[in-house]
S.K.: 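I have a structure here, written as C-alpha cells, and I will follow up with some questions on it.
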Amino acid sequence: MAKPDSDKPTAGGAEGGERSDFIREAVREHMRTGRFGGRVQTRFPPEPNGYLHIGHAKALSIDFGIAEDFGGKCNLRFDDTNPVKEDDEYVEAIKHDVRWLGYDWEDRLYFGSDFFEQMYDYAVELIEKGLAYIDDQSPDQIRETRGTLTAPGKNSPCRDRAPAENLDLFKRMRAGEFPDGSRVLRAKIDMAHPNVNMRDPVMYRILHAEHHRTGEKWCIYPMYDWAHGLEDSIEGVTHSLCDLDYENHRPLYDWFIDAINKGRPEPIHHPQQIEFSRLNITYTVLSKRKLLTLVEDGHVTGWDDPRMPTLCGLRRRGYTPEAIRDFLKRIGVAKYSGINDIALLEHCIREDLNKTAPRVMAVLRPLRVVIENYPEDQVEELDAINNPEDLSTGTRKVPFSRVLYIERDDFMEDPPRKFFRLAPGREVRLRYAYYITCTGVVKDEKTGEIVELRCTYDPATRGGDAPDGRKVKATMHWVSASHAIDADVRLYDHLFTKEDPDDTPEGQDFTANLNPHSLELVTGCKLEPGLAQAKPGDRFQFERLGYFCADSDSTDERQVFNRTVTLKDTWAKVRKAEK
RNA sequence: UACCCGGUGGUGUAAUUGGUAACACACCAGGUUUUGGUCCUGGCAUUCCUGGUUCAAGUCCAGGCCGGGUAGCCA
C-alpha cells in the first residue's frame, strides 16, 4: 500500500484535518493541484545510533500526523549508512519507543541499507554521465580545497578523470582493493558554489567495517547526502519532512535526483523536502552529543534517567504518550527557531494525569501525630474517593488509628499570616477522616527538633464534615503509622538551572549549568497500605504533592516512586513572593 | 565580509490569504472547593523599523535592523 504507483487519491481526512501550519498548507496545495497524484507518503528516518528523545517525537508527530491527516502512510526507515556508529540494539529501542508513543508503521519498515545496491547503480549512472568522479586526495586535502564560507574552493586534480577510469576505480573501491580513506566518489558540481554543500560533495567513502545488517558485504558506504534523497525516492515518499538543518542540503538532493534523471527514459520519483524548526525546550538540552555527555560523564544514571528528555527517560518519569503528543500538538510547526516553555509540557502531563491518576495519600517527610482522645486499639476503615475527576473509579478504604503521620511541612509552631495548616491550638481536617486540633508539641530535648504532635479529634466529624457547620482552613493528607508502608521517593527538578543551558560564562560548557538539586532522594516515606500493590510504571497522584510513578527499582520491602511533576502550588508561590 | 532561512504579547502558535489581532501556556487579581489541586471569572500586543501601494496592510512592494543555520570521508 502507498507504494509509488498506488496513486489513488486518499480518502477521508484528505482535507488535512483542522490543524493549520505551513507544511499542511503546502500538502493541501499539492493535493489540490494533483502534484503527487493525490498521494501523501511520509517517513520517519532515524539513525540507529542512539535513543529517541522528545525532539524526535516532534518529527514523529509531524511525519505520522500529516500522513494521517491526508489519508496517507508513514514509513519507519532506519538511516543506516554509517556502520561504525550504528547498532541493532538501537533499532529495537527505537521501534519500541515509536510504538509506545502510539505510532504504527504497519508493514512499512525499511533500512537505508536495503537500497545499497540500487544506490550503487545510480552512482554508476552518474559516473557514466560524467557527473561524478573518483578523487584520490586525502581527507585533509579535500577539506583544504573546499574553500571557506566566503572563499571558493579549488578543483581536485582528479576532477577531469575519464568516465571509464572513474568507473574502473569505483568498481575496484567496491571490490576492496583500496584502504580506508584513500579514495572517494565525488559529485562533479561546482567548487565555487556559494552553497558549500554543492562543492563536489563526497558520495561514497571506503570503510572496511562490519555493518549491522549487511555484514561484510560492503566496504564502501554512501554518504547521508547521497543516500537520503534516494531512499525517499525509492520508497515513493512524497513529502520528505525534516528539520531546518537540512535546508541548505535540499538543492543538493534535488541536484542528485535531476542528475540521475538526466537522459533517463524512466525518471525516478522526486520527493519534495520541507523543513521545519527543531524542538527546543527551556531548562533542557536536546542534542545527541550533549545527552551523550550527560550519560558518559555520569551526570545522570543513564539514557533512561527520569531527568532525561529521552522517551525512555520520560516514560520512567511517568509521562504518558498522550501528554507528550498533546504537547507536540500544542507547540505547532513553524520555521522560526524559538524555545518552548517546559511549563507547557508540565501542564500537559498534569492535565492528563488529573483525569486518569488514582489519588492516594503519601507522607514524604513524616511527623508523628498522636490523637490523645482516640482509643488505643481502635482502627477504622474510612472511605476515600479514588478520583474526584472520575467518580466511576469508586472509593477505597484507608485505615485510621491513634498514631498517624502527617507531612512535616503541614505544621508550623509559629505560623506566618497566610499559613492555613496545622499549628498549636489550631483545628484542621484530615482528609476523609476527622477534624483534629493540635494540643501539644513534643521536642527532642537536645536538638529542639519537633518529634511529635499531640492532638485531639472530634468524633462528630467522621468523614470530614462538621455537623455544626464549622469550617477549617486546611485539609491535610495523612497515613496511619502502624499500617503505612515504607518507600523511597525521588523528587526531580529541572536538569539545568538556566532556561538556556548553553548560556554560560566564557570557557565553560552547558554542564556548568547543571542543577545540583535536580534529584532529591527522600527516604523513609510512609504510604497508605494499598500502594504495596503498585507495579512499576503505575501512576498516582499523591494528594497535595504531585504525580508519582512506581519505579522498577522497587523491591518487596521498599517501593520506589519517581515524581513526575508537582501539583501546582500556590502556597509555594506565596512563600516565594514573601521572600 | 558568502549563501540559506526567519522576525506577531513573557513563551509557542493563529488570523476566512488585503477587511481591523485569536488560542494555549506563563504571570497577576478574584470566585468555588474535604487536595493552597481541579474548575470558573477577569486582566495582560498599536504584529522589528522606515517608506510605498490601497478605501483598507500582520498579510503586498522597497530599503534597513536584528536573530538562527552552513566550511565531516557524521546524520
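A note on names: the letters A, B, ... follow the listed sequences, proteins ahead of strands, and every chain is numbered from 1.
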S.K.: Which part of the nucleic acid, if any, lies within contact of Phe419(A), taking any heavy atom under 4.0 Å across all strands shown: a base, the sugar-phosphate backbone alone, or nothing?
M.R.: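 Counting heavy atoms under 4.0 Å across all strands, the contact made by Phe419(A) includes a base.
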S.K.: At under 4.0 Å, does any side-chain N or O of Arg205(A) touch on OP1 or OP2 of C74(B)?
M.R.: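 Indeed, a polar side-chain atom of Arg205(A) lies that close.
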S.K.: Quick check on RNA chain B: between Thr150(A) and Asp21(A), whose nearest nucleotide comes earlier from the 5' end?
M.R.: Thr150(A)
S.K.: Can you tell me how far C1' in U35(B) sits from the matching atom in C28(B), rounded to whole Å?
M.R.: 23 Å
S.K.: Verify whether the ring centers belonging to Phe420(A) and Trp571(A) lie closer than 6.0 Å.
M.R.: no
S.K.: Is there aromatic stacking of Tyr336(A) against G6(B), centre distance under 5.5 Å, plane angle under 30°?
M.R.: no
S.K.: Looking at every strand, decide which applies to Arg421(A) at a 4.0 Å heavy-atom threshold: base, sugar-phosphate, or nothing.
M.R.: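 Answer is base: heavy atoms of Arg421(A) come under 4.0 Å of a base.
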S.K.: Would you verify whether the NZ or CZ of Arg174(A) falls within 45 degrees of the ring axis of Trp218(A) while also being under 6.0 Å from that six-membered ring's centre?
M.R.: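 Ring-cation test returns yes.
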S.K.: Does a side-chain N or O of Lys568(A) approach OP1 or OP2 of U38(B) to a distance below 4.0 Å, or not?
M.R.: yes
S.K.: Using the ring centroid of each side chain, check whether Phe548(A) and Phe561(A) are separated by less than 6.0 Å.
M.R.: no
S.K.: Please work out if Arg330(A) contacts a base, only the sugar-phosphate, or nothing of the nucleic acid, heavy-atom cut-off 4.0 Å.
M.R.: sugar-phosphate
S.K.: Taking any heavy-atom pair under 4.0 Å as a contact, classify Ser138(A): base, sugar-phosphate, or nothing.
M.R.: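 Result for Ser138(A) = base.
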S.K.: What is the separation between atom CG on Asp500(A) and atom P on G12(B), rounded to the nearest whole Å?
M.R.: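 Checked: the CG to P distance equals 12 Å.
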S.K.: In whole Å, I'd like the distance from the CZ atom of Phe327(A) to the C1' atom of U11(B).
M.R.: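 In whole Å, U11(B) C1' lies 11 Å from Phe327(A) CZ.
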S.K.: Please state how far atom CG in Leu292(A) lies from atom P in C74(B), giving the value in whole angstrom units.
M.R.: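 That distance rounds to 17 Å.
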S.K.: Base, sugar-phosphate, or nothing: which does Tyr246(A) touch, judged by heavy atoms less than 4.0 Å apart?
M.R.: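 Counting heavy atoms under 4.0 Å across all strands, the contact made by Tyr246(A) includes a base.
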S.K.: Could you go through nucleotides 70-72 of chain B and list every protein N or O atom that sits under 3.5 Å from one of its N or O atoms, giving the distance for each pair?
M.R.:
unit_1: A71(B); atom_1: O2'; unit_2: Arg146(A); atom_2: NE; d: 3.3
unit_1: G72(B); atom_1: OP2; unit_2: Arg146(A); atom_2: NH2; d: 3.0

S.K.: Rounding to an integer number of Å, can you tell me how far Asp232(A) CG sits from A75(B) C1'?
M.R.: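 Whole-Å distance recorded here is 13 Å.
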S.K.: Round to a whole Å and report the spacing from CG of Asp80(A) to C1' of A75(B).
M.R.: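 So the CG-C1' distance, Asp80(A) to A75(B), works out to 12 Å.
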S.K.: Using atom C1' of each nucleotide, how far apart are U13(B) and G19(B) to the nearest Å?
M.R.: 22 Å
S.K.: Take the protein atom CG of Leu344(A) and the nucleotide atom C1' of G9(B), then report the distance between them rounded to whole Å.
M.R.: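 Going from CG in Leu344(A) over to C1' in G9(B) covers 16 Å.
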S.K.: If you look at every strand shown and take non-hydrogen atoms under 4.0 Å, does Gly338(A) touch a base, only sugar-phosphate, or nothing?
M.R.: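 Counting heavy atoms under 4.0 Å across all strands, the contact made by Gly338(A) is with sugar-phosphate only.
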S.K.: Counting the atoms with a prime plus P, OP1 and OP2 as sugar-phosphate, which does Lys418(A) contact under 4.0 Å by heavy atoms, base, sugar-phosphate, or nothing?
M.R.: base
S.K.: Taking any heavy-atom pair under 4.0 Å as a contact, classify Pro388(A): base, sugar-phosphate, or nothing.
M.R.: base
S.K.: Atom CG of Asp243(A) and atom P of G68(B): how far apart are they, to the nearest Å?
M.R.: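 About 17 Å, once rounded to whole Å.
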S.K.: Is there a donor and acceptor pair closer than 3.5 Å between the side chain of Glu275(A) and the base of G69(B)?
M.R.: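 Checked by distance alone, the answer is no.
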S.K.: With sugar-phosphate meaning primed atoms plus P, OP1 and OP2, does Asp465(A) contact a base, only sugar-phosphate, or nothing at under 4.0 Å between heavy atoms?
M.R.: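 The answer is base, as Asp465(A) lies within the cut-off (heavy atoms under 4.0 Å) of a base atom.
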S.K.: Remember a base hit wins even if backbone is also touched, and classify Val202(A) as base, sugar-phosphate or nothing at under 4.0 Å, heavy atoms.
M.R.: sugar-phosphate
S.K.: Scan every strand shown for a Watson-Crick or G-U wobble partner of C73(B), both distances under 3.5 Å, and answer none if you come up empty.
M.R.: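 Its partner: none found.
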S.K.: Once you apply a heavy-atom cut-off of 4.0 Å, does Leu244(A) come out as touching a base, just sugar-phosphate, or nothing?
M.R.: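 If one applies the 4.0 Å heavy-atom cut-off, Leu244(A) turns out to touch nothing in the nucleic acid.
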S.K.: Under 6.0 Å between ring centres, would you say that holds for Tyr204(A) and Phe170(A)?
M.R.: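 Yes - the distance between ring centres of Tyr204(A) and Phe170(A) falls below the 6.0 Å cut-off.
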S.K.: Within the structure shown, what part of the strands sits under 4.0 Å from Glu29(A) by heavy-atom distance: base, sugar-phosphate, or nothing?
M.R.: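 The residue Glu29(A) makes no contact with any strand.
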S.K.: Would you tell me if any nitrogen or oxygen in the side chain of Thr570(A) comes within less than 4.0 Å of OP1 or OP2 on G37(B)?
M.R.: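 Yes, because at least one side-chain N or O of Thr570(A) sits under 4.0 Å from OP1 or OP2 of G37(B).
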S.K.: For the residue pair Thr475(A) / Arg429(A), report whether a side-chain donor-acceptor contact shorter than 3.5 Å exists.
M.R.: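 Judged by distance alone, the side chains do pair up.
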S.K.: Can you name the one residue among His193(A), Arg159(A), Arg146(A) that meets side-chain hydrogen bond (donor to acceptor under 3.5 Å, both in side chains) with Asp200(A)?
M.R.: Arg159(A)
S.K.: Would you mind classifying the nucleic acid contact of Glu543(A) as base, sugar-phosphate or nothing, using non-hydrogen atoms under 4.0 angstrom?
M.R.: base
S.K.: Expressed as a whole number of angstroms, how long is the span from Phe540(A):CZ to U35(B):C1'?
M.R.: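 Those two atoms, CZ and C1', are 17 Å apart.
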S.K.: It should be established whether Arg544(A) places a side-chain nitrogen or oxygen under 4.0 Å from OP1 or OP2 of nucleotide G36(B).
M.R.: yes
S.K.: Distance check: side-chain N/O of Lys573(A) vs OP1/OP2 of C27(B), anything under 4.0 Å?
M.R.: yes
S.K.: Looking at Thr81(A), I'd like to know whether one of its side-chain N or O atoms comes within less than 4.0 Å of OP1 or OP2 on A75(B).
M.R.: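 Checking Thr81(A) against A75(B): at least one side-chain N or O falls below 4.0 Å of OP1 or OP2.
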S.K.: OP1 or OP2 of C25(B) sitting under 4.0 Å from any side-chain N/O of His347(A)?
M.R.: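 Yes, such a contact exists.
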S.K.: Select base, sugar-phosphate, or nothing to describe what Glu499(A) touches, counting heavy atoms under 4.0 Å on all strands.
M.R.: nothing
